[in-house]
2 protein chains.
Amino acid sequence: MVARTQEQRKAETRRRLIDAAADLFARKGYAGVSAEAVADAADRTTGALYKHFGGKEGLLLALLEVWKEETVEVLTAAFERMPALDERLTAIWRSLNGAQGRRGDAWLLLEMELWLQGVRDPVMAEPLAERYRDIRRRLGEGLRDWAEQTGAPLRHAPDDAAALVLGLIVGAAVQHRLDPSTMPDDLLLAGLADLIGTPSAARRQPD
Amino acid sequence: MVARTQEQRKAETRRRLIDAAADLFARKGYAGVSAEAVADAADRTTGALYKHFGGKEGLLLALLEVWKEETVEVLTAAFERMPALDERLTAIWRSLNGAQGRRGDAWLLLEMELWLQGVRDPVMAEPLAERYRDIRRRLGEGLRDWAEQTGAPLRHAPDDAAALVLGLIVGAAVQHRLDPSTMPDDLLLAGLADLIGTPSAARRQPD
DNA sequence: GTCTATAGCAGGATAGAC
DNA sequence: GTCTATCCTGCTATAGAC
């Protein structure tokens with residue numbers, strides 16, 4: 001059908017603006033992107049942007065909310081669709097590095113861009129901290145379930161294990177982006193196994 | 001002495017501009033800071049900034065070079081002045097989180113800001129990648145020396161161990177900044193011990 | 001080498017038509 | 001709800017005095 005309701009048009013405009021913002025903020029940085037550029041990329045105008053979000057900052061906040069939901073979805077998908085722990089962790093790693101998913105390779109950049117904005121802007125700090133809490137909670141549940149099902153003991157409490165695993169994944173991704181060879185998949189998985197307590201920890205020993 | 005040579009004035013202006021840039025870029029982001037604001041904070045004018053660095057981008061590059069040197073100095077100091085491995089790692093952790101040092105609490109923010117710029121701007125990518133190589137090399141040497149001196153075996157090759165340790169420290173700092181309670185010192189140290197292979201790995205076990 | 005002054009341009013935000 | 005047109009602010013970069 002060609003004609004759509006106002007409701008649909010409104011929702012699509014909102015989605016287009018947020019998608020465009022996610023892409024541009026990741027690639028050029030929040031401060032480096034004009035409201036006009038976002039509107040253009042979304043095939044709308046600044047007028048629409050201001051009606052929806054009140055300005056660039058409102059758009060950023062809305063993006064953070066959508067981002068929170070998407071992240072939990074990705075985590076849940078990884079834990080529900082993959083049987084082995086290695087596969088689950090690899091799936092999370094891949095989505096962060098943009099090998100798949102609608103955000104392309106913008107995941108990590110957007111992650112860091114939003115983190116920087118959140119650390120600087122009091123208004124964004126709380127939603128961002130909550131996002132990380134959600135991620136850790138989901139990750140911790142996944143690890144605890146895995147430990148229960150396999151009978152393997154976790155080296156740390158689930159919450160702590162989740163914080164460490166998330167930390168290593170993020171720090172590994174930061175290095176990986178600059179120089180992929182320094183953080184190959186098997187090294188990361190070995191490190192994660194160290195943190196979790198999986199027996200097969202060693203990867204490559206020094207002579 | 002009141003009168004100084006041209007050489008000294010020039011060097012001081014350069015240093016003041018770079019210091020001001022480090023502070024402002026960390027707090028507000030590169031794109032969010034005008035060349036004029038940097039010049040004002042340094043008690044100089046944009047004229048001086050342009051003569052020295054050719055513009056804001058040149059200033060950013062110069063800052064990255066200085067930053068590279070400072071980081072290696074901090075690492076070296078940590079490894080030379082502290083006896084125990086835990087103390088060394090804690091010292092690195094503290095400097096990243098700004099408990100000490102001339103950069104105050106701007107270390108981590110500047111780290112992430114420069115990383116984002118480096119990932120986005122081809123001109124900055126190589127110096128930034130080199131900076132991380134330097135850090136890993138220095139860290140790897142420190143770990144290898146520690147293993148030799150104590151006789152304790154590393155769980156991974158020194159280069160790999162350094163990449164993992166750096167990764168966890170960075171990822172832990174990212175979370176710590178949003179919510180310090182989720183990444184207490186002893187948890188981080190336990191995680192690092194897991195990666196390095198130190199026996200006393202466990203911190204808190206689930207029931 | 002550093003300052004003052006300014007030209008030229010771009011972006012955030014809004015008013016009013018549709 | 002969205003678009004067109006525009007105001008105003010603030011920035012980069014440079015020219016010229018000292």
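What you see is a predicted model; the values in this text were computed from it and never measured. Chain naming here is simple, since letters A, B, ... match the order of the sequence lines and numbering starts at 1 in each.
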- Query: Quick one: salt bridge (Lys or Arg N to Asp or Glu O under 4.0 Å) partners of A/Arg27, sequence neighbours excluded?
  - Reply: A/Asp23
- Message: Considering only residues two or more places apart or on different chains, which pairs with a residue in residues 83-136 of chain B satisfy ring-ring contact (aromatic ring centres under 6.0 Å, His included)?
- Response: B/Trp67-B/Trp107, B/Trp93-B/His176
- Would you jot down, in residue-number order, the residues of residues 26-42 of chain B having a non-hydrogen atom under 4.0 Å from DNA chain C? none
- Return the residues of residues 48-65 of chain B meeting this criterion: a heavy atom under 4.0 Å from some atom of DNA chain D. Order them by number, or give none. B/Tyr50, B/Lys56
- Item | Partner set under side-chain hydrogen bond (donor to acceptor under 3.5 Å, both in side chains) for B/Glu141, not counting sequence neighbours | B/Arg138
- Message: Does any part of the side chain of A/Arg120, heavy atoms only, come nearer than 4.5 Å to the side chain of B/Leu109, both counted from C-beta?
- Response: yes
- With A/Glu130 via side-chain hydrogen bond (donor to acceptor under 3.5 Å, both in side chains) - residues at least two apart: A/Lys68
- Item | salt bridge (Lys or Arg N to Asp or Glu O under 4.0 Å) partners for A/Asp105, two or more places apart | A/Arg177
- Contacts of A/Tyr50 meeting side chain to side chain contact (heavy atoms under 4.5 Å, CB included) (sequence neighbours excluded), chain-then-number -> A/Ala35, A/Thr46
- Message: Going by the rule side-chain hydrogen bond (donor to acceptor under 3.5 Å, both in side chains), which residues pair with A/Glu126 if we only count those two or more places apart in sequence or in a different chain?
- Response: A/Arg133
- Item | Heavy-atom contact window of chain A on DNA chain C, given 5' to 3' at under 4.0 Å | C/dG11 to C/dT14
- Message: At 4.0 Å (heavy atoms only), tell me whether A/Thr46 reaches a base, stays on the sugar-phosphate, or touches nothing.
- Response: base
- Residue list, salt bridge (Lys or Arg N to Asp or Glu O under 4.0 Å) with B/Arg131, at least two apart or on another chain: B/Glu111
- Task: Could you list the residues that satisfy side chain to side chain contact (heavy atoms under 4.5 Å, CB included) with B/Ala41, not counting sequence neighbours?
- Result: B/Ala20, B/Leu24
